[in-house]
Enquirer: 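I'd like to ask some things about the structure below.
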Amino acid sequence: QVQLVESGGGLVQPGGSLRLSCAASGDAMDYRAIGWFRQAPGKQREGVSCISNIDGSTYYADSIQGRFTISRDHAKNTLYLQMNSLELEDTAVYYCATAHTSPLSIRPLCRSPYEFDYWGQGTQVTVSS
């Protein structure tokens, strides 16, 4: 059984910060990569940031580079996304997902949501003044 549970979303003003968490359990721990994705109304789901479980390499989307930071706490089996300097355009449902079989390296993998096998239920992030 694979379980991914996101938390930490909410309403924040432009320029504010949030930290998202994704608690992983079960077979979700046997992944090649784990990452954060987001989907805004009327838009396709996009990769925000991912980290490889093979070599620790990371990917950040250009739109959030320098503002968001991905990290993991192995002891707690938890993935984080620290989001600073939030912008209106960051409003979306944020999902955590794991990829278990894809051979892609982290950059093309994170840009391909369909390569990910298991997904959490999502957490809403709303940036509004």
Side-chain angles (χ1 to χ4, degrees):
Q1 194 75 9
V2 174
Q3 293 178 339
L4 298 168
V5 180
E6 303 97 334
S7 61
L11 174 64
V12 63
Q13 292 185 337
S17 298
L18 283 174
R19 189 177 79 156
L20 304 184
S21 300
C22 172
S25 61
D27 292 341
M29 302 311 302
D30 184 23
Y31 57 81
R32 294 179 62 86
I34 189 168
W36 290 99
F37 297 79
R38 68 185 182 185
Q39 189 165 18
K43 294 188 177 181
Q44 291 186 335
R45 191 168 298 188
E46 63 171 346
V48 175
S49 182
C50 298
I51 186 165
S52 169
N53 203 34
I54 305 302
D55 60 11
S57 56
T58 57
Y59 165 85
Y60 291 96
D62 290 344
S63 59
I64 58 89
Q65 183 78 34
R67 299 188 296 120
F68 293 9
T69 303
I70 192 170
S71 63
R72 290 184 292 182
D73 185 329
H74 289 284
K76 295 182 179 180
N77 295 331
T78 301
L79 179 74
Y80 301 101
L81 185 68
Q82 178 65 44
M83 306 187 296
N84 299 327
S85 302
L86 283 161
E87 302 171 354
L88 298 175
E89 294 75 20
D90 296 320
T91 295
V93 177
Y94 284 70
Y95 300 90
C96 172
T98 55
H100 296 252
T101 60
S102 176
L104 297 177
S105 61
I106 197 64
R107 178 178 174 83
L109 179 58
C110 201
R111 294 163 65 90
S112 306
Y114 52 84
E115 293 282 341
F116 283 72
D117 303 290
Y118 299 103
W119 293 81
Q121 83 289 348
T123 185
Q124 176 72 47
V125 171
T126 302
V127 184
S128 175
S129 56

Enquirer: Testing the basics here: between Ala33 and Ile106, what is the closest heavy-atom pair and its distance to 0.1 Å?
Expert: CB-CD1, 3.9 Å

Enquirer: In Å, rounded to the nearest 0.5 Å, how long is the span from CD of Gln13 to OG1 of Thr126?
Expert: 13.0 Å

Enquirer: Is there a path from Leu79 to Phe37 through hydrophobic residues (I, L, V, M, F, W, Y) whose side chains come within less than 4.5 Å of each other?
Expert: no

Enquirer: Under 6.0 Å between ring centres, would you say that holds for Tyr31 and Tyr118?
Expert: no

Enquirer: Should Leu88 and Leu11 be regarded as members of a common hydrophobic cluster, given that ILVMFWY residues are connected when their side-chain heavy atoms come within less than 4.5 Å of each other, either directly or indirectly?
Expert: no

Enquirer: Residues in side chain to side chain contact (heavy atoms under 4.5 Å, CB included) with Ser71, at least two apart?
Expert: Tyr80

Enquirer: Please list, chain by chain and in numerical order, all residues satisfying ring pair (Phe, Tyr, Trp, His ring centres under 6.0 Å) with Tyr95, sequence neighbours excluded.
Expert: none

Enquirer: Hydrophobic clusters here meaning ILVMFWY residues chained together by side-chain heavy-atom distances under 4.5 Å, can you tell me if Val48 and Leu18 are in one?
Expert: yes

Enquirer: Might you point out which heavy atoms bring Leu20 and Gly9 nearest each other, and give the distance in Å?
Expert: CD2-N, 3.6 Å

Enquirer: Do any N or O atoms from the side chain of Glu6 and from the backbone of Cys96 form a donor-acceptor pair under 3.5 angstrom?
Expert: yes

Enquirer: Between atom CZ of Arg67 and atom OG of Ser17, what is the distance when rounded to the nearest 0.5 Å?
Expert: 10.0 Å

Enquirer: Roughly how far, to the nearest 0.5 Å, is the OG atom of Ser49 from the CD1 atom of Ile34?
Expert: 11.0 Å

Enquirer: Roughly how far apart are Ser63 OG and Asp90 CG, rounded to 0.5 Å?
Expert: 7.0 Å

Enquirer: Within this structure, what is the CG-CG distance for the pair Asp30 and Asn53, rounded to the nearest 0.5 Å?
Expert: 8.5 Å

Enquirer: Where is the tightest heavy-atom contact between Leu4 and Ala24, given as atom of each residue plus distance?
Expert: CD2-CB, 3.6 Å

Enquirer: Could you give the distance from OG (Ser105) to CD1 (Ile54), rounded to the nearest 0.5 Å?
Expert: 11.5 Å

Enquirer: Does Leu104 belong to the same Ile/Leu/Val/Met/Phe/Trp/Tyr cluster as Trp119, with side-chain heavy atoms less than 4.5 Å apart forming each link?
Expert: yes

Enquirer: Could you tell me whether Trp36 and Phe68 have their ring centroids closer than 6.0 angstrom?
Expert: no

Enquirer: Taking all heavy atoms of Arg38 and all of Ala92, pick out the closest pair and write down the distance.
Expert: CB-CB, 3.8 Å

Enquirer: Do the side chains of Ile70 and Tyr59 join up, straight or via other hydrophobic residues, at under 4.5 Å, putting them in one cluster?
Expert: no

Enquirer: Could you pull out the closest heavy-atom pair between Ser129 and Pro14, with the gap in Å?
Expert: N-CD, 3.8 Å

Enquirer: Side-chain contact, heavy-atom cut-off 4.5 Å: Thr91 with Gln124?
Expert: yes

Enquirer: Kindly check if the number of other-residue, nucleotide or ligand heavy atoms within 6.0 Å of CD (Gln65) is above 12?
Expert: yes

